[in-house]
Structure formats: C-alpha cells, structure tokens
Amino acid sequence: MAVPATAPERDDAAAPTAADVTETAALKRPRVKKSVSTWLWNIAVLIVTLGLWQVATALVGSPFFPGPVAIARAFVDLVQAGDTSGITLWEHAWASITRVMVGFALAILFGVPLGIFMGLYPRTYENSRVILEPFRFIPPIAWIPLAIIFFSGMPRFAFLIFLGAFFPIFTAAMVGVARVEPIHRKVGLVFGASKSWIIRHIVLPTILPDILGGMRVGLGAAWLTIVAAELAGGISTGLGRMMVNYAELVQIPQVVVGMLLIGAIGFLMNEALLLLEKRLFRWRWQVTL
Amino acid sequence: MAMAGDLISDSGNSSAAAAPKLRVDESHCYGDFLVHEGIRFDVRENEFLCVCGPSGCGKTTLLDILSGNMKPTQGSVKLDGHEINPRRDRVSFVFQEPSTLPWLTVRDNVSTGLRIRRTDAAERDRQVDAIIGMVGLKGFEDHYPHQISGGMKQRVAIARAFVIDADLILMDEPFVSLDQPTRERMQREVLDVWERRRRTVIFVTHNIEEAVFLGDRIIVLSTKPARIVADIAIPLDRPRDPLSTDFIALRTQCSEKLHAMQA
C-alpha cells in the first residue's frame, strides 16, 4: 500500500479520512515479517545441524558423544518408561515448572507493589539503598546453602526462585514509575482524580510494559536458579535432579535430554510472555527483543 | 405549573447571571519574586475569555492557580462564590502539549473525565458518542493516539474537556504546535463546539489574532510582574472575518496595548 510520508490536512472538519491514520504509519519501524520462508529456513537449518551432528557422532564413535538418534531414543524411553526409579520425564519437568511458577508468582506479588511504592516515594528507596543494592548482587545460587539448612521441598525452591526473579521485576516497576509522563499525571489531576485513580489508571498502564520486560528477565533468572537448586539434592524429582542422577551413571543422552527440555520450556515461557506483550500493548510500536 | 416553574427558574437564572461565574483576585510571588500583581477579573457564565500576554507573563502559574491546583500567595479564585477546588468542581483543561493517553483508544481518552467522575456507563457512552460526532472523530473511536495526526489528537483533548459538564474549561495555547491551516480550522471547530455546548472558557494564547478571533473579551497581561493592562470586549459577530476593518481595528488596539507595555 502506498502511504504518503505526510498526509495533507483536509479542509472539512466533519469527516476525517484514512490519510490521518496512515500519516504516522510511515514512522513505524519496519518489522521483520515472520513469513513462511523464515519458517522453512529454520526447519532447514535444524535438519542440517542434526544431520551434521549425527555424522560427527558416527565418525567419533564414542559413548561420551551421543548423536541425535541416541538422544531421541533416550527421550522416548524417559517419556514411556521413566528413569531408573520409574519417574517419567513429564513428571520431572512438571515438578520443575510448578516450583518456578510458585516462586515466580511470589516475586510478582511482592516485586510489583514494592517497586511501585518505591517508585512513587523515591526517598524510601534512596534511604534504604544500603540494604537493597547489596542484596541484589548476591546471586540466588549463593543462597542455596542457607536454603538447604532452613527449608526443604517446595518452600526451598520457592524461596530461591523468588530471590532470582524478584529484583528484575521490582527494579523494572520502580524505574517505570519514574518514566510516567508528568503531563499524563496532570491530566488526572486537573480532572480531579484521586491519588489511587492516578496510580491505577495512569501509573499502572505506563509501567505494565516495563513490568512484563522485568518478568521476562526474572523468568530467565528463575529457570536458571531452579536447575542449580535441584542439583543440590534432597529431592527425587525435577529436571536438574534427573540430570545429576544420569550424570552419576555416565548416561549422557539422558543428561542432554534434560538440557534440551530446559531450553525448550524456557523458550516457550518466554514466547508466551512475548505474545501477551503483543496483545496487551498494541498501542506501543516498539520492537521487542 | 410549568409556567410558574419556568418563571422561578428564569428569575433564578437572571440573578445567577448577574453574579460572575468566576471571580479572580490574586497576587502571587515565588520567594521575593513577584509574578502576579493584583490580577483581578470576573468571568461571566459561558463567556469565552482570552488571556493574552508575552512570554514570561506567568501564564503557567496563572493556569495552575485558576485550576485550583496552586494557591496564590494572596487572594483567591472563586467559582460560584466559593474557592475553587479541582476535586470538587468540574474544571477541565486542554494542554499545549499532546496529552492523550497512548494506551487508551480515542473513545477511552475522551471519556477520561467522565470515568474519574464515575458517570454510569450508558450515560457515558451516549455523551462520548455525541461529542465525538461534534469534533469530527466519528469512525476513529477505536484508534489509538499513535494512529492519528497531531490535529486529531488535539481534537480528542478538546472533546475530553467539553464532554464533562464543566464549570470552567482552561485552554493553554492548545493550537500552538499545529501548522497554520490546521490551527485555523481548529479555531473554528472549537468555537463550533463551544456554541453547541456553552461553557465558561479561559483561553490563554500569545497570538493576538487568535484571541480576537475567538474571544468575547480579551485580557492583556504585562510581564514581570504580570498586571492586567487592558480588558477589551470584542463585540463582533461570529464567525468573524479577520480581514474586516472592525477586526483589524480591535487587533491593532490589542497589539498596541501589548507593545506599549513592552516598550
């Protein structure tokens, strides 16, 4: 469609034309279209990679270097028969996912309101920086020893994942509040809105994209933490646990199945959040990463 | 019965018309720096008043004080006899800069003031539909601000200001960032809306031609500190012709006042 760079203003006021609408369309950043050919290319790259990998495996011929076929066989085996104690791959995966979800939900529950609060009252943040900031730099993995002593089961994982996901969400919400346009606040004020109306209808919509961005970072951190926490032991389920079990048995295909599944689940969760972002923020034309 | 009722409400109206809708009497300083000195004027109900002054005449401060969002150091702004209060009174505002909320559609932007006042949904829709037709945004209700032009965004802001049953509408140079043809069209449109939805309007502008074209009356302010140097009635019929001799005479008169105090 031919879109003029600037649409001329019309003479009659009563009936705006499509020209007004398309005027800004030219300003939008071009997006790479996910066309059929992109899909075909991805599939082709995947097939070629797997083929090369299989060939390389055959050439090496070592049990320490399994190919796609051996890994696929291990996958089917883990899905159908389960691991050495009969726990299936889906049960392991589900255990990890629920832990991440619980910890992640807690991080949102605390991170968003606290971030908004400290964004609205920057002094509270400035005055407690001395505590907040160092905490941010203790990696969640460094909390594992303490978590092992104090908690077991779900609370332990929820705690560790909370620590991993909290700060990205909290920081995103807080920084977002500072970016609320003064004019938007003023619109609320001059029309007589209460403080709570402004928070709900001006601040929250403004920072929602930031929060979602923070959630995607937080989800990465949570997923990273869960595997490390499960490696630490004390439980029989979870993808991390399964991988350690098989590593001890030197059964590499099963370990790789765990790795690939972790990658796939993380990827799908991220895609789900991206999709949510696109749906919610049609009014934004920013390209997401 | 109806006649008696009409008579009573008529006499009520005429006595209300005698008292000013808005009575401004204020002086304001920031620390030792006097910005407004004895700003005193009345605004009649449904009057279109233009306030004209050079840059640095304390225009932003005046609007903050008029909207009730700032207390003057001395004196007060009274609406219907009581001190103006943005939470209680219905004051709307059309800003100079784009002020549409980008996450809301045209329809939701226009209804902002109604939603703040908790108008019920059916009534809200009815009013929003009416005003959207009036400012020529029909068919664009579900568009987001980034999909429409600057002139249309300002129409959204005007609709948002006129849709509520406002006691006072403040306009802060709303057309200054628009190109000349759009600006002229928007001036005609805002008068059109005002004639259909009579409200008390205070329109601040640097542009004398705009003020003479729009206002029932013009107040000319001086600078540092701001004082009222002229209060000129514009008795011309609308629509006004900027090329008519009467128009030019009034414009010249305002210009001279403005330049006299700058010299």
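A note on names: the letters A, B, ... follow the listed sequences, proteins ahead of strands, and every chain is numbered from 1. Scope of the values below: all heavy atoms of this structure, side chains included, with no hydrogens, waters or symmetry mates.
Between A:W197 and A:H201, the ring-plane angle classifies as parallel under the 30° and 60° cut-offs. Under the 30°/60° scheme for interplanar angles, the aromatic rings of A:F170 and A:F167 are found to stand perpendicular. Between A:F159 and A:W143, the ring planes are perpendicular. Angles over 60° get that label, and only those under 30° would be called parallel.
The residues B:D172 and B:K59 are annotated as salt-bridged, a charged nitrogen and a carboxylate oxygen being separated by less than 4.0 angstrom. Using a 4.0 Å cut-off between charged side-chain N and carboxylate O, B:D129 and B:R107 make a salt bridge.
Heavy-atom distances place no part of B:D192 under 4.5 Å from chain A, backbone and side chain included. The contact between B:T100 and chain A is made entirely by backbone atoms, counting heavy-atom distances below 4.5 Å. Proximity to chain A (any heavy atom under 4.5 Å) is restricted, for B:I164, to the side chain, taken from C-beta onward.
In this structure, B:R198 forms a cation-pi arrangement with B:W194, its terminal cationic atom sitting closer than 6.0 Å to the ring centre and no more than 45° off the ring axis.
Checking each of B:V24, B:V51, B:V204 against B:L66 for a side-chain contact (heavy atoms from CB on, under 4.5 Å) leaves exactly one that passes, namely B:V24.
Within residues 79-94 of chain B, the residues having any heavy atom closer than 4.5 Å to a heavy atom of chain A are B:P86, B:R87, B:V91, B:S92, B:F93, listed by residue number.
To the nearest 0.5 Å, the span separating CZ on B:R155 from CD1 on B:I148 amounts to 9.0 Å.
Of the residues considered (A:I202, A:I183, A:L189), A:I183 shows the highest number of contacts with chain B, using heavy-atom pairs under 4.5 Å.
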